[in-house]
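When a residue number appears, it is its place in the shown sequence, counting from 1.
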Amino acid sequence: MEQPKNNLKIIAEKKGARILLPNAITLIGVCLGLTSIKFAIDGKFAIAIIAILFAGLMDALDGRIARLIKGTSKMGKELDSLGDVISFGVAPALIMYFWNLQYLEKLGWFVCLTYVVCVALRLARFNINSEEEPSWKDNFFEGMPSPAGGIIVLMPLVLSFSELGELFFKINYELLVPITFVVVSILLISTIPTYSFKKIVIPRAMTKFLLFGLVLFFGALLVYTFKILFISSFVYLSLIPISYFHYKKIKKEKNI
């Protein structure tokens with residue numbers, strides 16, 4: 001009777017070790033999100049943006065690593081959502097508030113509150129929908145995902161650092177920032193399908209080209225950080241209508 005108990009203990013210990021790594025990565029992302037707020041308070045907005053980017057990287061890694069090493073858990077799921085509220089809800093809202101929205105006084109704070117609430121609602125809906133059976137719909141998110149929203153809402157600030165906007169005309173950031181917040185908030189709680197990029201199958205012949213493209217992209221991101229970040233975000237926004245019509249096409253085919 002003692003041997004089965006020892007076996008169960010060993011399994012539990014291995015399971016605990018597998019859960020620890022992805023949860024630690026999630027907490028690192030939370031720390032990066034909180035640290036970005038500190039940078040914003042100190043007026044170091046460029047570093048605050050970079051901290052949010054690294055928080056996004058941690059968010060992309062934790063779930064994939066958890067599935068890879070079979071370390072998924074209910075605690076990890078809830079922790080990930082709470083971390084996303086901080087890193088992609090509270091942190092971007094406060095960064096933009098300290099940079100621009102504070103000058104709009106009560107309206108600026110109201111816009112921040114609305115955005116954070118929409119992030120929380122979007123994550124609550126995601127947790128409910130993720131309990132459904134796997135299907136072709138897993139290739140799409142319902143609405144804009146919170147990490148993407150947290151980066152897109154920073155685009156006016158990124159644009160100011162990239163100096164791309166000043167090449168064509170003078171930008172009124174006091175108008176652009178609230179509009180960006182409203183649009184992103186609507187996209188977060190909307191039912192518009194957006195690509196999830198979770199189940200992309202890359203042909204073996206294309207692997208080397210993909211690796212070269214990734215190296216090229218991250219190299220350019222290191223050298224022209226804010227320019228590449230703004231262009232990438234613009235491309236992502238351009239994909240939203242494409243993902244919508246793609247979703248409708250697949251849904252029509254499945255119904256047939």
Side-chain angles (χ1 to χ4, degrees), residues 8-37 51-95 113-154 184-201 236 239-240 243 247:
L8 288 173
K9 184 178 180 181
I10 291 172
I11 292 171
E13 287 176 352
K14 289 182 178 179
K15 178 66 176 177
R18 290 198 298 266
I19 293 174
L20 181 62
L21 178 59
N23 287 347
I25 294 174
T26 301
L27 290 174
I28 291 172
V30 173
C31 292
L32 287 168
L34 291 171
T35 303
S36 71
I37 298 174
I52 294 294
L53 288 179
F54 276 101
L57 179 62
M58 295 298 105
D59 182 73
L61 288 175
D62 59 4
R64 285 165 176 78
I65 291 176
R67 289 188 291 272
L68 183 64
I69 64 177
K70 297 181 181 179
T72 56
S73 65
K74 289 185 178 180
M75 177 182 174
K77 180 181 176 181
E78 298 301 325
L79 186 63
D80 185 65
S81 293
L82 291 172
D84 285 356
V85 171
I86 295 173
S87 298
F88 309 114
V90 177
L94 290 179
I95 290 171
L113 292 177
T114 302
Y115 167 75
V116 175
V117 168
C118 288
V119 170
L121 290 173
R122 193 257 176 269
L123 288 166
R125 183 179 64 187
F126 174 78
N127 285 347
I128 294 173
N129 293 341
S130 62
E131 296 176 357
E132 299 177 356
E133 292 295 324
S135 69
W136 62 270
K137 293 183 180 180
D138 293 338
N139 293 310
F140 300 88
F141 287 122
E142 186 177 359
M144 179 181 288
S146 54
I151 294 174
I152 298 297
V153 84
L154 294 172
V184 173
S185 297
I186 292 172
L187 288 173
L188 284 167
I189 61 175
S190 72
T191 57
I192 297 174
T194 58
Y195 287 123
S196 67
F197 302 109
K198 285 185 176 181
K199 295 185 177 181
I200 297 177
V201 178
Y236 175 81
L239 287 174
I240 293 178
S243 65
Y247 178 90

Notebook entry, point to check: Where is the tightest heavy-atom contact between Asp84 and Val119, given as atom of each residue plus distance?
Noted result: O-CG1, 4.4 Å
Next item on the list: Look up atom NZ in Lys77 and atom CZ in Phe126, then write down how far apart they are to the nearest 0.5 Å.
Entry: 7.5 Å
Note to self: Give me the atom names and distance for the closest heavy-atom approach of Ala93 to Tyr115.
What the structure shows: CB-CD2, 4.0 Å
Next item on the list: Would you name the heavy atoms of Ser87 and Val30 that are closest together and state the gap between them?
Entry: OG-CA, 3.7 Å
Notebook entry, point to check: Ala148: what forms a side chain to side chain contact (heavy atoms under 4.5 Å, CB included) with it, not counting sequence neighbours?
Noted result: Met144, Pro145, Tyr236
Item checked: Listed partners of Leu68 passing side chain to side chain contact (heavy atoms under 4.5 Å, CB included), at least two apart -> none
Check: Measuring from Ile37:CD1 to Ile95:CD1, what's the distance to the nearest 0.5 Å?
Finding: 7.0 Å
Margin query: Taking CZ in Phe54 as the centre, count heavy atoms belonging to other residues, nucleotides or ligands within less than 6.0 Å. Is the count above 12?
Written below: no
Notebook entry, point to check: So how far is it from Leu123 CG to Glu78 CD, rounded to the nearest 0.5 Å?
Noted result: 10.5 Å
Item checked: From CD1 (Ile52) to OG1 (Thr35), nearest 0.5 Å -> 9.5 Å
Next item on the list: Identify the heavy atoms of Ser36 and Ala51 that sit nearest to each other, and give their distance.
Entry: CB-CB, 3.7 Å
Next item on the list: Give a yes or no on whether the backbone of Gly143 and the side-chain of Thr194 come within a donor-acceptor separation of less than 3.5 Å.
Entry: yes
Notebook entry, point to check: Taking all non-hydrogen atoms of both residues, which atom of Arg122 and which atom of Glu142 are closest, and how far apart?
Noted result: NH2-O, 3.5 Å
Margin query: Return the CG to OG distance between Leu121 and Ser185, rounded to the nearest 0.5 Å.
Written below: 10.5 Å
Check: Between CG of Leu82 and CG of Leu27, what distance do you get to the nearest 0.5 Å?
Finding: 10.5 Å
Check: Which atoms form the tightest heavy-atom contact between Phe140 and Ser196, and what is the distance?
Finding: N-OG, 3.7 Å
List, one per line, each side-chain donor-acceptor pair under 3.5 Å for residues 57-66, sequence neighbours excluded.
{"unit_1": "Asp62", "atom_1": "OD2", "unit_2": "Thr26", "atom_2": "OG1", "d": "2.7"}
{"unit_1": "Arg64", "atom_1": "NH1", "unit_2": "Ala60", "atom_2": "O", "d": "2.9"}

